[in-house]
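Data first, discussion second: the structure below is written as structure tokens.
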Protein chains: 2
Amino acid sequence: MSSEERKKTRVTLLDVARHANVSRATASLVLRKSPLVGSETRTRVEEAMRDLGYVYNIGAARLRVERSQIIGAIVPNLTNPFFAELLSGIEEIIGATGKVVILAKSGDRVEQQEMLLRRMREHGVDGVILCPAAHTESTLFEQITAWDMPVVQVLRHISFDMDYVGADYATGMRQAVDYLASLGHERIAFAVHGPVHSAYQERVDGFRDAMLSRGLDPSMLIRFPTQLGEIAQATHLLFDRATRPTAVICFNHLVALGLSAGLQDCGLTIGRDLSLIGFDDVADAEAIRPRLTSVSTGPVAIGEMAARLLVERIADPALPPRRLVNDTTLHIRQSCGRPN
Amino acid sequence: MSSEERKKTRVTLLDVARHANVSRATASLVLRKSPLVGSETRTRVEEAMRDLGYVYNIGAARLRVERSQIIGAIVPNLTNPFFAELLSGIEEIIGATGKVVILAKSGDRVEQQEMLLRRMREHGVDGVILCPAAHTESTLFEQITAWDMPVVQVLRHISFDMDYVGADYATGMRQAVDYLASLGHERIAFAVHGPVHSAYQERVDGFRDAMLSRGLDPSMLIRFPTQLGEIAQATHLLFDRATRPTAVICFNHLVALGLSAGLQDCGLTIGRDLSLIGFDDVADAEAIRPRLTSVSTGPVAIGEMAARLLVERIADPALPPRRLVNDTTLHIRQSCGRPN
DNA sequence: CTGAAAGCGCTTACAG
DNA sequence: CTGAAAGCGCTTACAG
């Protein structure tokens with residue numbers, strides 16, 4: 001069958017209507033489950049659709065109705081399991097509403113992100129869930145407003161005049177610091193990595209505030225490499241300072257994984273020689289040894305919340321902007337002990 | 001601005017044409033970078049597009065040309081980092097060709113997969129990359145053919161009359177078995193889990209063949225729970241048999257992670273008391289201790305290959321079906337030693 | 001409940 | 001190089 005013939009082969013709503021002996025309008029009503037159609041007629045049309053192998057053409061419909069049933073999701077990357085879980089939550093909710101999600105990664109590059117937003121607009125997405133690339137200018141907010149495109153920010157924010165769903169990083173940090181302090185730790189380091197963005201800043205501020213409110217020195221901020229593979233070898237950075245920490249809070253799952261490995265490589269026993277607290281607590285956290293005490297931010301739930309928010313935003317663009325912050329919980333396992 | 005006014009606001013190609021004092025046809029030619037347009041005219045039109053904030057409407061264009069620039073990707077789940085890496089490869093290549101990918105997960109449920117395929121057809125996807133849900137009937141192949149939809153199977157296959165990209169599981173298994181045998185192991189177990197599908201079968205067959213060709217007993221197939229969280233507690237299954245293995249090959253990354261943790265919980269030293277080999281070797285593999293010797297299947301590369309194949313398939317539907325199998329490599333680290 | 005008609009935003013011959 | 005026109009597959013009043 002040549003592509004010429006194939007084209008003619010396409011079954012259209014008009015074909016269905018003729019086959020069922022009704023008008024195109026009626027067939028269209030059946031399609032959209034209108035109550036205006038009699039049940040006998042309805043059945044006849046539905047049979048015709050089945051017989052002919054009719055497939056609804058959403059693209060054509062979209063040209064009339066302003067709804068593409070497509071939403072976009074832009075994340076910095078896909079290989080970090082944290083984002084994979086986030087996406088899983090997004091897909092779950094969006095899929096359940098009958099919509100479809102276009103996925104793209106920005107690589108934390110602003111120009112790439114700009115290109116992706118344009119491409120998504122060209123595809124007429126009904127809205128997008130955006131985890132803004134690091135260093136995104138806040139002017140992006142004005143652009144988005146001018147485009148009149150529903151957007152919810154996830155995990156990171158550039159403007160609170162736009163919907164935002166994230167985690168309560170400040171509380172998470174306080175939970176971690178309080179727990180370590182209760183064990184008797186005073187020299188607590190915060191092991192960070194990656195580019196600076198709102199979530200980065202919130203964690204750092206949260207750490208600082210939590211330390212200060214306990215009268216502890218909040219200045220032990222130690223930077224690790226961005227790539228997971230390089231973190232373990234950089235473990236010595238923890239001990240290069242005049243004062244040596246007795247406990248370390250990790251910026252995220254990757255840092256926790258890397259340091260957990262690196263400390264073992266140094267011959268240290270985690271929980272005895274040094275206490276370690278993870279952050280994000282993705283599924284793998286359960287599976288490393290010693291079991292990692294970790295602050296859970298709930299990426300799947302955040303993805304679900306963001307998707308629901310976007311759906312509501314699309315339904316009612318006049319809604320005031322909302323800010324949803326998921327609670328964090330400290331999962332106490334085995335990686336912390338008293339200082340020695 | 002009400003939604004009424006907004007609709008009128010939409011800038012169309014006709015607006016651009018008028019603004020630039022050309023016909024709609026000419027504006028369209030500029031859009032598609034046709035050489036038929038003089039450079040002076042081209043510039044004028046491009047300026048008009050910028051001035052007016054014109055956004056190309058791919059959906060409208062699609063109604064005429066049979067190309068949506070959308071491709072679909074269906075995977076069993078997103079939280080398994082293996083699939084996340086696969087997707088990353090797919091998105092990379094598809095994005096680079098200017099197309100966009102619709103993402104969905106089947107949850108390894110055949111009906112869900114069917115629904116997703118229909119939804120994607122309604123969106124007029126140019127093709128889909130499908131990791132078939134476990135227990136997919138091979139009749140799906142006939143359906144897909146009847147729909148005349150370009151599909152490449154990835155990781156799992158239901159028919160070789162359709163493009164397929166996967167890993168060379170048989171060789172991977174042989175590499176693992178040969179390595180263990182060279183260390184002196186004879187009682188080697190294969191720790192499997194999850195539903196049965198072609199990739200499962202190929203690994204099991206590969207294990208069996210590799211064992212047999214070395215004159216070893218291939219019957220130690222041990223089933224573990226599907227959920228990562230439950231694997232560690234099930235570690236005892238390794239020792240419930242009359243003959244106790246001295247080495248274990250893991251079905252995939254999840255099993256490796258779970259058993260690595262579980263063996264440590266049992267107080268065993270991996271590499272001394274028992275040798276362990278992982279499979280898939282996703283990014284995390286580098287970060288567990290003891291370092292896991294593992295067969296790498298290269299999910300990112302597989303995703304890239306699948307995307308390229310689909311692009312070629314779309315360009316030329318008459319191409320004979322192809323079967324691409326990515327080489328595996330054994331990464332020797334620290335989790336294996338001599339039997340004792 | 002149904003039919004005829006207009007229109008969504010583009011592309012594509014066809015004439016000039 | 002340009003203009004006028006038809007058509008892609010749908011939805012939506014409007015009249016009956």
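In what follows, chains are A, B, ... by sequence order, proteins preceding strands, each numbered from 1.
The residue among A/Gly38 and A/Ala25 whose nearest nucleotide of DNA chain C is located toward the 5' end is A/Gly38. Judged by closest nucleotide on DNA chain D, B/Thr41 is the one of B/Thr41 and B/Ala61 placed further toward the 5' end. Between B/Gly59 and A/Ser23, the residue anchored nearer the 5' end of DNA chain C, judged by the nucleotide with its closest heavy atom, is A/Ser23.
Base pairing analysis places C/dG16 opposite D/dC1; the two distances defining the Watson-Crick or G-U wobble pair are each below 3.5 Å.
Within 6.0 Å of CD in A/Glu137 there are 12 or fewer heavy atoms belonging to other residues, nucleotides or ligands.
One atom, OH of B/Tyr54, and another, P of C/dG9, lie 10 Å apart when rounded to the nearest Å. Nucleotide C/dT11 holds its C1' atom 15 Å from the CZ atom of B/Arg67, rounded to whole Å. One can place CD1 of B/Ile58 at 12 Å from C1' of C/dC10, the figure rounded to the nearest angstrom. For A/Leu13 and D/dG9, the CG to P distance is 11 Å, given to the nearest whole Å. Whole-Å rounding puts the B/Arg64 CZ to C/dC10 C1' distance at 8 Å. Put simply, CG on B/Leu63 is 13 Å from C1' on D/dA6, counting in whole angstrom units. In this structure, the CD atom of B/Glu122 is 15 Å from the P atom of D/dG9, given to the nearest Å.
The residue B/Arg24 sits close to a base: some heavy atom pair falls under 4.0 Å.
The heavy-atom pair separating B/Val154 from B/Tyr164 by the smallest distance is C-CE1, 4.4 Å.
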